[in-house]
Structures are given as C-alpha cells and as structure tokens.
Amino acid sequence: MRLEEEIQQSTFRNERQKLLINLFYTYNVLSTKMQEFLKSESLTMQQYNILRILRGQHPNPATNSLVKERMLDKNSDVTRIIDRMIRDGLVSRVNCEADRRRVDITITELGMQKLSRLDQQAAVMDEIGNGVTEDEAVIVNTMLDKLRTGCKSTT
C-alpha cells in the first residue's frame, strides 16, 4: 500500500520529505515485525544484534567497545544489555588474563541455540523482502548508503 494511504496524508513538501517520512514509517513497520519474530525466543532486537555480533566473533571474545561499534542501534546501553544477557545465560564475561583492564565477552551455548532456532525460521523474515527484486534491492541499498553519507556530512 502507498504511503499516502497508510498514513492518510496526500501532500508532502517535496519527494525528499516523503522519502524520509516513508523511511521512518517503514522502519517502524519492520521493527514491529522483527519484535514479533524475536518474541518466540524472548529476545529484544538489541540482544539479537549482540548475539549475532558475538557469534561472528566466535570462538574469539569481544569487548564492550567492539560490540558497541558494531551495534545497529548506536544509542543502546551495551553494558546494561550485556549484564541482562549474562543473567539469562546467553553470554559470559571474563576478565582478560593478558590485560586486566579488558573484559572479554563470549556467546554461550544457550545463546548459540537461540540463534540457531531463529536461523531455522529465517524464511519468515525473508518473506518481508520478497516484494522487491534483487536489482531493486541493490538500488535501495545504494540510496540508503547515500542518505547516511548525507547525514554524516551535515554534522
């Protein structure tokens, strides 16, 4: 359905304003869908993101700062989220023997199992992208890269 119909607004200042509103609206729709997907494993999107980062590092540990650098949501309180994940048995934290100031974070077997179960349901999430072709996806990805570049140049 077209944005105008979804939000019941027929006019925009220009196409760029419409694009930005469309992106915000679409983000909220996708976010809601992703939250529903993750509910089966009692995970938040930030926890899911951290588990994927740690699985990518596995078997090597990660630090809080590495996780924060790679997070999709840069405003996340990584330390607080990791504390909760430790309590839930999804990750572990160990002081590094080589550098006592460093704390190593690794994904646990329970965390790996949760990701594995979600991976098996990946087709559900893949269906969301079925509305665009591979060529269209390339175009949208290029456009989004340009928008982020524009954001960085204005700060």
Side-chain angles (χ1 to χ4, degrees), residues 1-58 62-91 93 103 105-108 110-155:
M1 185 181 300
R2 294 181 62 232
L3 177 66
E4 292 87 346
E5 296 162 3
E6 291 276 352
I7 66 171
Q8 299 178 0
Q9 178 178 336
S10 59
T11 59
F12 300 90
R13 215 173 32 250
N14 54 47
E15 284 298 315
R16 287 186 183 100
Q17 181 201 30
K18 179 181 173 182
L19 169 64
L20 295 176
I21 292 170
N22 204 343
L23 284 170
F24 292 131
Y25 183 77
T26 303
Y27 167 77
N28 285 313
V29 170
L30 292 172
S31 178
T32 300
K33 191 73 168 173
M34 190 67 176
Q35 288 168 12
E36 290 170 10
F37 175 70
L38 295 173
K39 188 184 272 187
S40 67
E41 292 296 332
S42 301
L43 291 174
T44 65
M45 289 195 305
Q46 292 85 0
Q47 290 173 321
Y48 179 63
N49 190 200
I50 290 171
L51 287 176
R52 289 178 42 85
I53 291 165
L54 294 175
R55 178 174 64 180
Q57 284 291 116
H58 189 73
T63 61
N64 272 19
S65 59
L66 181 137
V67 171
K68 187 160 180 93
E69 283 173 20
R70 295 186 183 174
M71 288 287 291
L72 297 176
D73 180 357
K74 301 294 184 192
N75 294 323
S76 296
D77 183 352
V78 172
T79 302
R80 183 183 55 78
I81 296 169
I82 288 174
D83 286 345
R84 190 172 344 124
M85 294 174 77
I86 289 168
R87 185 194 71 220
D88 294 343
L90 302 174
V91 302
R93 179 171 37 210
V103 177
I105 303 158
T106 54
I107 188 170
T108 64
L110 178 61
M112 288 289 228
Q113 289 170 3
K114 280 188 179 274
L115 283 180
S116 179
R117 287 191 296 268
L118 289 168
D119 288 345
Q120 292 170 7
Q121 300 176 43
V124 173
M125 292 306 294
D126 290 345
E127 288 176 20
I128 292 171
N130 285 343
V132 296
T133 66
E134 286 292 315
D135 289 341
E136 290 168 333
V138 169
I139 292 166
V140 171
N141 283 321
T142 301
M143 290 169 46
L144 292 173
D145 291 344
K146 287 180 179 182
L147 278 172
R148 278 193 316 283
T149 301
C151 286
K152 290 176 183 175
S153 69
T154 60
T155 57

Residues Arg148, Asp145: salt bridge by 4.0 Å N-O rule: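 Judged by the 4.0 Å cut-off on N to carboxylate O distance, Arg148 and Asp145 do form a salt bridge.
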
Using a strict threshold of under 4.0 Å (side-chain N to carboxylate O), is an ion pair present between Lys114 and Asp88?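 Lys114 and Asp88: not salt-bridged.
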
For Ser31 and Gln35: C-alpha separation, side-chain torsions, deciding distance, then whether side-chain hydrogen bond (donor to acceptor under 3.5 Å, both in side chains) applies. CA-CA 6 Å; Ser31 178; Gln35 288 168 12; 3.3 Å; yes

Does some side-chain heavy atom of [Y] sit less than 4.5 Å from a side-chain heavy atom of [X]?
X      : Y      : answer
Asp73  : Met45  : no
Glu6   : Val29  : no
Val132 : Ile139 : no
Val67  : Asn49  : no
Met143 : Leu147 : no
Gln17  : Ile21  : yes

Just by modelled atom types, is the Met112 backbone N or O under 3.5 Å from a matching donor or acceptor in the Ser116 side chain?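 Not confirmed, Ser116 side chain does not pair with Met112 backbone.
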
Under 3.5 Å, is there a donor-acceptor pair between the side chain of Asn141 and the main chain of Ala137?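 Indeed, once roles are kept as given, a pair shorter than 3.5 Å links the two residues.
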
Measuring from [X]:[atom1] to [Y]:[atom2], what's the distance to the nearest 0.5 Å?
X      : Y      : atom1 : atom2 : answer
Asn64  : Arg93  : CG    : CZ    : 6.5 Å
Thr106 : Leu90  : OG1   : CG    : 11.5 Å
Leu43  : Arg117 : CG    : CZ    : 9.0 Å
Ile7   : Met1   : CD1   : CE    : 12.5 Å
Leu72  : Arg52  : CG    : CZ    : 8.5 Å
Thr11  : Gln9   : OG1   : CD    : 6.0 Å

Quick check: closest heavy atoms across [X] and [Y], and the distance to 0.1 Å?
X      : Y      : result
Thr63  : Ile105 : C-CD1, 4.0 Å
Ile50  : Ile81  : CD1-CG2, 3.5 Å
Lys68  : Lys74  : NZ-O, 3.6 Å
Leu110 : Gly89  : CB-O, 3.6 Å
Gln46  : Ser76  : CG-OG, 3.2 Å
Leu118 : Phe37  : O-CZ, 3.6 Å

Side chain to side chain contact (heavy atoms under 4.5 Å, CB included) between Val91 and Leu51, worked out: CA-CA 8 Å; Val91 302; Leu51 287 176; 4.0 Å; yes

Take a 6.0 Å sphere around CD of Glu36 and say whether it holds more than 12 heavy atoms from other residues, nucleotides or ligands.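 Buried by this count: over 12 neighbours within 6.0 Å.
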
Restricting to pairs with a member in residues 120-134, which pass side chain to side chain donor-acceptor pair (under 3.5 Å), not counting sequence neighbours?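 Those involving residues 120-134 are Thr133-Glu136.
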
Any salt bridge (charged side-chain N to carboxylate O under 4.0 Å, His left out) pairs touching residues 11-27, not counting sequence neighbours?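 Matches after skipping sequence neighbours: Glu4-Lys18.
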
